[in-house]
2 protein chains.
Amino acid sequence: MPAQQPQPPSTPRDRAVEPAFRAMLRSYGQLQRVMHPYFAAHGLTGSQWGVLRTLHRAEAQGLPALRLVDLSDRLIIRPPSVTGAVDRLQRMGIVTRSGSDEDHRVKRVSLTPRGRRLVERVLAGHPRQMRVVLSVLTGADLANLRRLHEKLAAHLETLANPGKTQSRKTDNQDPVRRRRPAGTRGEEPR
Amino acid sequence: MPAQQPQPPSTPRDRAVEPAFRAMLRSYGQLQRVMHPYFAAHGLTGSQWGVLRTLHRAEAQGLPALRLVDLSDRLIIRPPSVTGAVDRLQRMGIVTRSGSDEDHRVKRVSLTPRGRRLVERVLAGHPRQMRVVLSVLTGADLANLRRLHEKLAAHLETLANPGKTQSRKTDNQDPVRRRRPAGTRGEEPR
DNA sequence: CTGAATTAGTTAGCTAACTAACATCTTCAT
DNA sequence: ATGAAGATGTTAGTTAGCTAACTAATTCAG
């Protein structure tokens with residue numbers, strides 16, 4: 001447990017880490033600001049759109065109505081967040097929640113007819129909005145952005161879920177020091 | 001019944017837009033999950049760390065204590081969010097809020113000695129954490145990531161603030177007499 | 001078959017962000 | 001000098017995410 005003091009060997013790559021990190025966070029924040037009014041014009045939020053798009057896509061693929069836990073997996077948010085999001089969409093009359101006969105624990109979420117019309121209305125203008133948002137990037141930029149973020153997301157997933165059988169290819173030589181023992185709940189510093 | 005609306009002329013670049021978009025959102029979500037326990041181990045959240053790092057940096061630059069609105073500008077969050085964040089940090093004994101004699105509207109936020117020690121403790125391990133998080137990217141990747149996101153953030157900023165001038169010099173340089181832009185296109189879009 | 005473990009979903013309580021509306025103080029133009 | 005406009009910060013109310021702890025249903029080991 002060395003009391004760390006010197007900046008570790010600072011290679012050029014190391015020095016590139018923080019600016020990249022900050023640029024990423026910054027553009028994400030701005031993205032939220034741009035998308036918010038766009039979705040609001042349809043009476044939605046970005047998160048709600050995520051739920052609707054996911055349901056619509058599953059429907060188009062002929063899958064049975066998704067369970068809450070399926071939404072949780074696809075949206076990469078935890079179950080309690082799904083409960084809340086679906087609550088609100090249900091209150092708006094855009095989705096329904098129905099019990100399953102097979103398994104009495106599960107509830108399946110479906111678009112209502114009205115919800116389906118809404119999704120299609122949004123979808124009609126959606127590619128255009130995304131093009132506007134990313135219009136500053138060239139085709140090569142987009143390919144790079146995608147590649148970098150897919151790489152990064154895969155890496156972060158292994159960091160976020162230690163002990164999940166992801167793939168034994170994992171480069172283990174740089175283990176994050178945070179083996180969460182049980183609850184990593186921050187103890188109120190008071 | 002899928003596929004109804006006339007998708008606008010779909011060039012290869014257009015088709016690259018959505019995957020890039022989604023990869024970006026996905027990696028951001030994963031990033032949150034990875035960083036949360038890291039900050040929690042210090043009794044902090046990511047947003048709180050943003051405030052503390054900003055205060056610490058301004059201090060190191062010899063600037064006078066930042067106003068809430070300075071924090072709002074630098075963190076790119078709206079004033080009410082700053083109020084709440086500072087409230088909580090203050091309750092934890094990590095920062096103080098003090099009125100100004102020059103301008104009785106402003107309140108200045110400073111790190112307490114305890115807050116300063118906390119920042120330095122986090123800072124000691126922070127470069128390492130960022131390197132771990134981005135360890136999957138090469139030096140060239142990092143340079144690209146930065147370039148793409150700086151480009152994107154600048155574009156999004158113009159989309160988010162239509163009719164704003166770019167130069168952000170409205171800072172804290174002259175705390176005593178700040179002649180400020182008289183001519184105002186204060187187009188605060190509601 | 002029975003009891004332990006697992007899975008699906010919810011509730012409670014927290015932080016973080018937002019908009020809208022407001023009080024207060026300052027600056028500026030008339 | 002005064003009144004309008006702008007700047008600073010807060011309050012109120014909403015959504016979204018989280019962890020922890022819970023209930024209820026299912027599955028599985030012995």
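Nothing here was measured: the structure is a model prediction, and the numbers come from that model. Every chain is numbered from 1, with letters handed out A, B, ... down the list of sequences.
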Query raised in the report: Do B/Arg105 and D/dA7 have a side chain to base donor-acceptor pair shorter than 3.5 Å?
Result: yes
Report task. Write down the distance between CD (A/Gln32) and P (D/dT15), rounded to a whole number of angstrom. Result -> 17 Å
Query - Candidates C/dC18, C/dT10, C/dA16 - which lies nearest the side chain of B/Thr45 - result: C/dA16
Report task. Let me know the distance between CG of A/Leu71 and C1' of D/dA16, rounded to the nearest Å. Result -> 15 Å
**Report entry** NZ/NE/NH1/NH2 to OD/OE distance under 4.0 Å, A/Glu150 and A/Arg146
**Finding:** yes
Query - Comparing B/Ile76 and A/Asp87 on DNA chain C - which has the more 5′ nearest nucleotide - result: A/Asp87
Query raised in the report: Closer than 4.0 Å, any side-chain N/O of B/Gln48 to the OP1 or OP2 of C/dA16?
Result: yes
Query raised in the report: OP1 or OP2 of D/dC18 less than 4.0 angstrom from a side-chain nitrogen or oxygen of A/Ser81, does that happen here?
Result: yes
Requested in this report: For residues A/Leu68 and A/Arg97, determine if any side-chain heavy atom of one lies less than 4.5 Å from a side-chain heavy atom of the other.
Outcome: yes
Query raised in the report: With distance as the sole criterion, do the side chain of A/Arg88 and the base of D/dT15 form a donor-acceptor contact below 3.5 Å?
Result: no
Query - Atom pair distance, as rounded to whole Å: CG in A/Leu89 and C1' in D/dA16 - result: 12 Å
**Report entry** 5' precedence on DNA chain C between A/Arg108 and A/Arg33 (nearest-nucleotide basis)
**Finding:** A/Arg108
Requested in this report: Grab the NZ-C1' distance between B/Lys107 and D/dT11 for me, whole Å please.
Outcome: 12 Å
Report summary line: Rounded to whole Å, CG of A/Asp101 lies from P of D/dA25 at a distance of 14 Å
Query raised in the report: Does A/Arg97 put a side-chain nitrogen or oxygen below 4.0 Å from OP1 or OP2 of C/dT10?
Result: yes
Report task. Round to the nearest Å and state the distance from A/Asp73 atom CG to C/dG9 atom P. Result -> 10 Å
Query - Selection from C/dC18, C/dC25, D/dC18 that lies nearest to any side-chain heavy atom of A/Pro80 - result: D/dC18
Query raised in the report: Would you call B/Arg67 and B/Asp103 a salt bridge, using N to O less than 4.0 angstrom?
Result: no
Report task. For the pair A/Trp49 and A/His126, evaluate ring-ring contact (aromatic ring centres under 6.0 Å, His included) and give the outcome as yes or no after the intermediate values. Result -> CA-CA 11 Å; A/Trp49 170 245; A/His126 204 58; 5.2 Å; yes
Query raised in the report: Counting just side-chain N and O atoms, does B/Thr83 come under 4.0 Å of either OP1 or OP2 of D/dG9?
Result: no
Query raised in the report: Between A/Arg67 and C/dA8, does any side-chain N or O lie under 4.0 Å from OP1 or OP2?
Result: yes
Requested in this report: For A/Tyr28 and C/dC18, give me the distance from atom OH to atom C1', rounded to whole Å.
Outcome: 13 Å
Requested in this report: Measure the distance from CD on B/Glu102 to C1' on C/dT27 and round it to the nearest whole Å.
Outcome: 16 Å
**Report entry** Mutual orientation of the aromatic rings belonging to B/His149 and A/His149 [parallel < 30°, tilted 30-60°, perpendicular > 60°]
**Finding:** perpendicular
**Report entry** Given D/dT19, D/dA25, C/dT19, the nucleotide with the shortest approach to the side chain of A/Asp103
**Finding:** D/dA25
